[in-house]
Structures are given as structure tokens and as C-alpha cells.
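Here the structure is a predicted model, which is why all the values come from computation and not from measurement. Quick note on labels: first sequence line is chain A, next is B, and so on, each numbered from 1.
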Protein chains: 2
Amino acid sequence: MATLKDISVELGLSVATVSRALNGFPEVGAKTRSRVQDAAARLGYRPNRSAQRLATGRSGVVGMIVKLRADMSADQTFFDVLTTLTAELAARDLDLVLSVDQGDDPVAPYARMLERDLLDGFVLNAPATGDPRPGFLMARGVPFVMHGQADPAPGYAFFGIDNTAVSVDSVGLLASLGHARIALINGEPRFAFAAEREAGFRAAMTAEARAVPAAFIADGPPTESTGYTLALSWLSGRAGPRPTAILCATTPVAAGVLRAARDLGLSVPRDLSVVAHDDALPNIRPAHFNPALTVTHAPLRDACAPLAEMLIDHLNGAPAARLQTVKRAGLIVRASTGPVPKGEEHPWQIP
Amino acid sequence: MATLKDISVELGLSVATVSRALNGFPEVGAKTRSRVQDAAARLGYRPNRSAQRLATGRSGVVGMIVKLRADMSADQTFFDVLTTLTAELAARDLDLVLSVDQGDDPVAPYARMLERDLLDGFVLNAPATGDPRPGFLMARGVPFVMHGQADPAPGYAFFGIDNTAVSVDSVGLLASLGHARIALINGEPRFAFAAEREAGFRAAMTAEARAVPAAFIADGPPTESTGYTLALSWLSGRAGPRPTAILCATTPVAAGVLRAARDLGLSVPRDLSVVAHDDALPNIRPAHFNPALTVTHAPLRDACAPLAEMLIDHLNGAPAARLQTVKRAGLIVRASTGPVPKGEEHPWQIP
DNA sequence: CCGATTTCTCAAAACGTTTTGAATTCTTTT
DNA sequence: AAAAGAATTCAAAACGTTTTGAGAAATCGG
């Protein structure tokens, strides 16, 4: 293993200059820099992490924690984010340590990892309403960035999408097509994104002067069977007049809704319009659904590069208030949405 | 943060002595050692990892890689092992870095992690037949331990169970109950454990002079539906005379088999005996199946402490040949096995 | 061509530990 | 009581980087 000193004796320079040359410091001459870079490449120099870390006081490692469900399974979407994030961080010379947790206490695994004190910071995922993790970490002065947003006006760094707008835009599209009875299959309510989506949905429906009975706002795990089960019960008409449109939290949920409609002999979009939010997981293509699915579109992986960037800035001392981004999801209209069926334009009556 | 020097000035000792005292070196006096330990506790001393690593040349971090399936899901059993292993390693001052991979090349993710050169070694899981990873890592002199065994007489460290014996013992039990037509629902054949189980099964059946038609040795993902589907087709009698006993690779598979028997109005163990191998996942209790399931029993988590211990020994220079353990699974006879039904004692006829 | 900048380079200190080789103290033996 | 030996302890070097504070070389204006 070649060291800085090896390069320095090779070129008759000091290690200080070699270090600066390789780290892109401005005060080193262009000619010297390229000589150093050549030598480094030629000798196969690779910086010794441990030495860098000792000198800088940083470990170069950030942590992330997966919360396992009771059945030991993990969130479908988690790994998609994880792989991309790992790559983005690696490209910036940070390593990601993953820890799994199955306990009840949301902060305990973070405390445990901090104790091992290997970490410079954290990436938080799956923010919940009233999430205790930001407070815990901020109280200890531990840098972190959150994928999503647990609080309305957070004092921490985060990158998320505008979940209120997701609902508002979807409802707006459907309302413009004349729909009045729109139902919502939401994410599990403990997650902050689901709370925001529901709030947006209610606000938008109220703005259209359409009340929604409690029975037509439901939630569940983001699976096909959730969509199938709920849609089947709604479309059978037992819970009251059928919705003419259904908003789905995820594309697998929408797949279930489409199957339920098919099983009941309903045609989409003639009898029913379906809109979903699309996290753009690599193995699910709503454009290839039958019919092609109208979605709000916001790839989860798109968050990874900004999150990595923010975390680094944060570690370098940037104040959290500057590291907050909310992205707006795009609305992609495909074939699963159409005009409200004739004679079905009336809203639900709330008793 | 208190350092060694802080302690040394506090006590009027040298840092060398303090270091030795804390690291349990034998040449430090008992009185001095306890004084040092007291002071360390009092000052809240915590060793600086980076400094330790620089001095020892070790990173204190080992890696593990999850292979994701095409649908981005991970192996059910993986997380069980992962959590326990993380804890066992942490207890020995090692951190575990997890990386996820979805590519085709089995060694590429290892090469990538080595390049980041943060790691002292690896834990390998899910050995496949002809697994290229051991060769790759050994060629580079990278220490690792394998959970399981990819080769008959490996030159590397591993901890696994005797999968041949799993089949032999199960067949032995059933044969002693008079069963002659025993079918096997195995794990996916690319995994080494499945190959061993099948070999053991064939050998044991041959030893009992019972031939098994190809149709009655099948495999699939370790799920309930795999068991259900295969058992349903076998027990319907379409593929030939019904088996009187079924060996299952996992307990979820056995659950599917039991359901199939129930759906067909067959009683277990009167009409059909069922044996499974039990990995002892925390959320599945074969003792509470109906009927309680006869199993070969080998908790996956039991491998974690030995694996951690072996890896540390290996990192400290112990030769791999000494770090090889094969454990024999226990046979637990419960209520899902019974004597062969009257008149069903004859084996399959191979055309 | 001289002094004043500016640009570049250097030697040395620092980071906190482990390890080496020698020096000191304590114990035993003669 | 001195010598030998064992048991402790010590100072210093080493690990490979980053960073500091100065110094040397190059460039500039006059």
C-alpha cells in the first residue's frame, strides 16, 4: 500500500503538499498537482481511512435503521432507497451502516448505535407523526437528515415530497372530470405521509363541496390485497353508493383495485376511475397496467442523491434550516381516469 | 471525551500502562489495573475507534451482503440471522456493515466493498453449489466465515448443520413407522443446503430399497403456498399413488401441506405423515401447528455466536481449517407423524 | 533591478491509540 | 546484604493522515 510519504519521496515533495494536491486545495500549483496525481495513480495510492478519520475526527460512516415488522419482513420500498442511497453515499466517500430493529422503542436502536460510537450521523426513514427520533438526536447534537417530514415546520434537515399536493392534485384532476364520489385508500395512519395525504384529500374534497363518509377513507398495508379487499367491498355498494373514483396510496394497491373492478365486471375508466401515487419502484410499471395507470409520480430513489448531499453539508456544519427540500410530485394522466359515468355525478349524502 | 492520556495524568501513570491495563494484558499489576478501570469509568473513557484502527491496522468492521430477489424482497430467514449476528458481533466490538445487492454477479458486491477498504472480513450467507465467493475472497486473502457450506471439504471457515443427516434422520423415522412412499419438498436447488438434503434423501431412500419417482421430489420458495400447491397435486393422486409421508424443507411449507391435506379431507397423521426441517424462526411455532409438527430442529440463530467467535479467531490469525463446525440437527417427534396407513405399505413402482 | 505582494511549498505538530525495547521496582535466592 | 531474576512500568516510536504557521520562490509594480 502506497502512502502519502511514498509519493512525497518519489517526487521530492513534502507530504503536506501531496495531501493538499490530492484533496484539491487551491493553493497548490497546477503543474505540481498533476505530477502528484500521476504519481498517486501510478503507485496505486489509496488513502488510509483510519488515518484520515483520526486526523479529521470523523468516522466517515453514517447509519440507518430498518424497522422490521412483526413478521420479520421489511418495507418493500426500503431496499430500493437503501441501495441507491448506499451508492450515492459511497460516491461521496461515506459508508452506510445498516442496523435492523424489531423492538418497540423507536429511539433505542439509535442510542445503541451512538454508543458504539462509530457514526458521524444518521439517515432517518419512514417518519411517523409525532416521531420521537428527531428530538432525541437533536438533543444529542447528532447530525441527521430525514427522508420525508415528521413535523409541519421541522428544525431539521429533510427531503420529501409535498404529500398534501399529491392528494390535492389527484382530487383536482378527478373533480375536473366531474367525479364527486371519490374514495381514498391511504397508507397506514401512523406514517406522516399518510396523515398529510389524508389532510390534503379532505381539504380538497371540502373545497369541492364534496363530503366523504368515514367508510370511504380507509387504510392498510401498501399491498395488492389491501386494494382488492377494500375496493371489492366499496364497489359492491354495501357501504353506500359506489365511489366513481378511487385514490390509492401506492401502485400495488391500485393493482388490487383494478382486479376487484375486473372481478365485478366494471370497466376502468368507464365505470370507475383510478389514481395512485407512484413511488417508481423499479419492478412495478404503472404505465403497463391494464389500463395504464394515472399517477402522481415521485421516484423514491430521486431523494437519495439530495439526501446524501444534504447529509454531507450538514456534517460540514451547514445549518439544518438551509437543508430542507420539498419536491412536488408530477401528475401523469394515463388511461385509468375518465369522465364520471352519466347519472353518477351526485356526491355522497352525509346523514 | 476522556483519552488515555487524561487517565494517565490523573493517576500519574504512563499511557502505555493505562492501555495495557484496559486491554487486559497480563503484565499489569492487579492494583494498578483496578485503579485504571475505576478512573476510566469515572472519567467516562471510551476508546477512540479511529485511533485504535490506525494503530492496529484493523477497521473493526466486517461486512455482509444481502442478495435481493427480483421482486426486491429479501429472504425471510435473513433478518433473523442478521439481528442476532449484529448483536453477537457488537458484543465482541465488531461492527457489521450490510450492503444490498440485486445484480447477477455474485462477487461484484464483495469487490465493491473491498475497494472501499473499510472491512476486515466478511460473513457469507446462503451458500450456493459452486459458489464463486469463497474462491474470490481466498484469492485476495480476505478473511471470512460462511454460514453453511458450499463445498464438500471446504478450505475456509464455516458453521453449518449436517443437511444430509437432516434427510437421513427424517427418512429413518418415517421408515421405522413403515412408510415407503415418501415425497420431498425441497429448498431451491441452487442452494447448497438443498442439494445436500436431496442427496441425503435419495441415499436414505435407496438404503431402504425405496425408489422415488422424479415427480415426488420437487422444490420451490420456502413458502406456505409452495407446500399447498405441491401437496394438493400429489395428494390428489394424479401423479401416481399418493405419498404416505411428505418431507418439507421448512415449517411454512409444512403449513401449506397441512392445509392441503385438510382441504382434501385427509387426516394427519392417520392418512399422511408430515416432517419438516425447523429453522426456529421466532414467529413460527411448529409445536403449535395442528397437529403439532414433527421436525428436525436447528435454530438458525444458534449459528450466530459461533460465527462471530470464528470470525474473530480468523481475524486474529487462526487457520481456517480449525474453524469448521458441523452441527447435527435434533429430531423432535410430535403429532404429525404416525404409522403408515394399512394397505399403503408398498413403495412406488418405477416404470 | 528592488521591494512588496502573491503564490506556492515545507517542516512539524496533532489526532489517540498500540507496541517496542529499555528501565525501574519488587521479590527471591545465595 | 548482594546478586539474580521476575514483575511492573516507562518513554518513545509507530500508524498515515490533516492542519498550522512559516518560509521560500515566483510575480508584480515602480
Side-chain angles (χ1 to χ4, degrees), chain A residues 1-40 43-61 93-95 116-120 312 315-317, chain B residues 1-37 39-40 43-61 93-95 116-118 120 312 315-317:
Chain A
M1 263 299 91
T3 73
L4 281 189
K5 182 182 279 180
D6 293 336
I7 301 181
S8 77
V9 304
E10 171 93 2
L11 299 177
L13 290 171
S14 74
V15 288
T17 305
V18 174
S19 172
R20 306 186 114 103
L22 291 174
N23 289 341
F25 279 58
E27 64 263 44
V28 53
K31 209 174 81 185
T32 311
R33 165 158 301 145
S34 66
R35 279 210 312 150
V36 169
Q37 286 169 333
D38 282 0
L43 300 180
Y45 169 76
R46 294 246 296 283
N48 178 315
R49 300 292 192 133
S50 303
Q52 281 183 322
R53 284 158 197 186
L54 179 58
T56 58
R58 297 253 209 87
S59 75
V61 180
D93 264 324
L94 280 185
D95 290 295
R116 313 237 344 103
D117 79 348
L118 173 77
L119 297 184
D120 291 339
I312 287 190
L315 292 176
N316 289 334
Chain B
M1 265 299 92
T3 73
L4 282 189
K5 183 181 279 181
D6 294 336
I7 300 180
S8 77
V9 305
E10 172 93 2
L11 299 178
L13 290 170
S14 74
V15 287
T17 305
V18 175
S19 172
R20 306 187 114 102
L22 291 174
N23 289 340
F25 279 59
E27 64 264 44
V28 53
K31 209 174 82 183
T32 312
R33 167 159 299 147
S34 67
R35 281 210 309 149
V36 169
Q37 286 168 336
L43 300 180
Y45 169 76
R46 295 244 295 283
N48 179 315
R49 301 284 191 144
S50 303
Q52 281 183 322
R53 285 160 197 185
L54 179 57
T56 59
R58 296 252 210 89
S59 73
V61 179
D93 263 326
L94 280 185
D95 290 295
R116 316 239 339 106
D117 82 349
L118 172 78
D120 291 339
I312 289 192
L315 291 177
N316 288 335

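- Between the OG atom in Ser19(A) and the CG atom in Leu13(A) there is a gap of 12.0 Å [rounded to 0.5 Å].
- Residue-to-nucleotide proximity on DNA chain C shows that, of Ala16(A) and Ala30(A), the 5′-proximal contact is made by Ala30(A).
- For the helix from dC1(C)-dG30(D) to dT30(C)-dA1(D), the axis fitted to the five pairs at one end and the axis fitted to the five pairs at the other end meet at an angle of 40° (nearest 10 degrees).
- For DNA chain C, the residues of residues 43-59 of chain A within the heavy-atom distance limit of 4.0 Å (strictly under) are Leu54(A), Ala55(A), sorted by number.
- Listed by chain and residue number, Ser14(A) satisfy the side-chain contact (heavy atoms from CB on, under 4.5 Å) test with Ala16(A) (two or more places apart in sequence, or in another chain).
- From the 5' end on, the contacts that DNA chain D makes with chain A at under 4.0 Å to a non-hydrogen atom open and close at dG16(D) to dT20(D).
- dC10(C) atom P lies 10 Å from atom CG of Leu11(A), rounded to whole Å.
- Of the residues in residues 17-28 of chain A, those with a non-hydrogen atom less than 4.0 angstrom from any atom of DNA chain C are Thr17(A), Arg20(A), Glu27(A), Val28(A).
- Residues passing the salt bridge (charged side-chain N to carboxylate O under 4.0 Å, His left out) test with Asp38(A): none are found, sequence neighbours excluded.
- The minimum heavy-atom distance between Ala21(B) and Val28(B), with the atom names listed, is CA-CG1, 3.8 Å.
- Taking 4.5 Å as the limit, some side-chain heavy atom of Leu4(A) sits within range of a side-chain heavy atom of Leu22(A).
- Judged as a side-chain hydrogen bond (donor to acceptor under 3.5 Å, both in side chains), the pairs with a partner in residues 2-13 of chain A (not counting sequence neighbours) are, in order, Glu10(A)-Arg42(A).
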What donor-acceptor contacts under 3.5 angstrom involve side-chain atoms of residues 50-61 of chain A, with partners at least two apart or in another chain?
unit_1, atom_1, unit_2, atom_2, d
Arg53(A), NE, Ser59(A), O, 2.6
Arg53(A), NH1, Ser59(A), O, 3.2
Arg53(A), NH2, Ser59(A), O, 3.4
Thr56(A), OG1, Gln52(A), O, 2.8
Thr56(A), OG1, Arg58(A), N, 3.3
Arg58(A), NH2, Leu315(A), O, 3.4
Arg58(A), NH2, Asn316(A), OD1, 2.5
Ser59(A), OG, Val61(A), N, 3.1
Ser59(A), OG, Leu118(A), O, 2.4
Ser59(A), OG, Asp120(A), OD1, 3.2

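- In this view, Arg49(A) and Asp93(A) satisfy the side chain to side chain donor-acceptor pair (under 3.5 Å) rule, not counting sequence neighbours.
- Taking the salt bridge (charged side-chain N to carboxylate O under 4.0 Å, His left out) definition, one finds that Arg20(A) meets it with Glu27(A), sequence neighbours left out.
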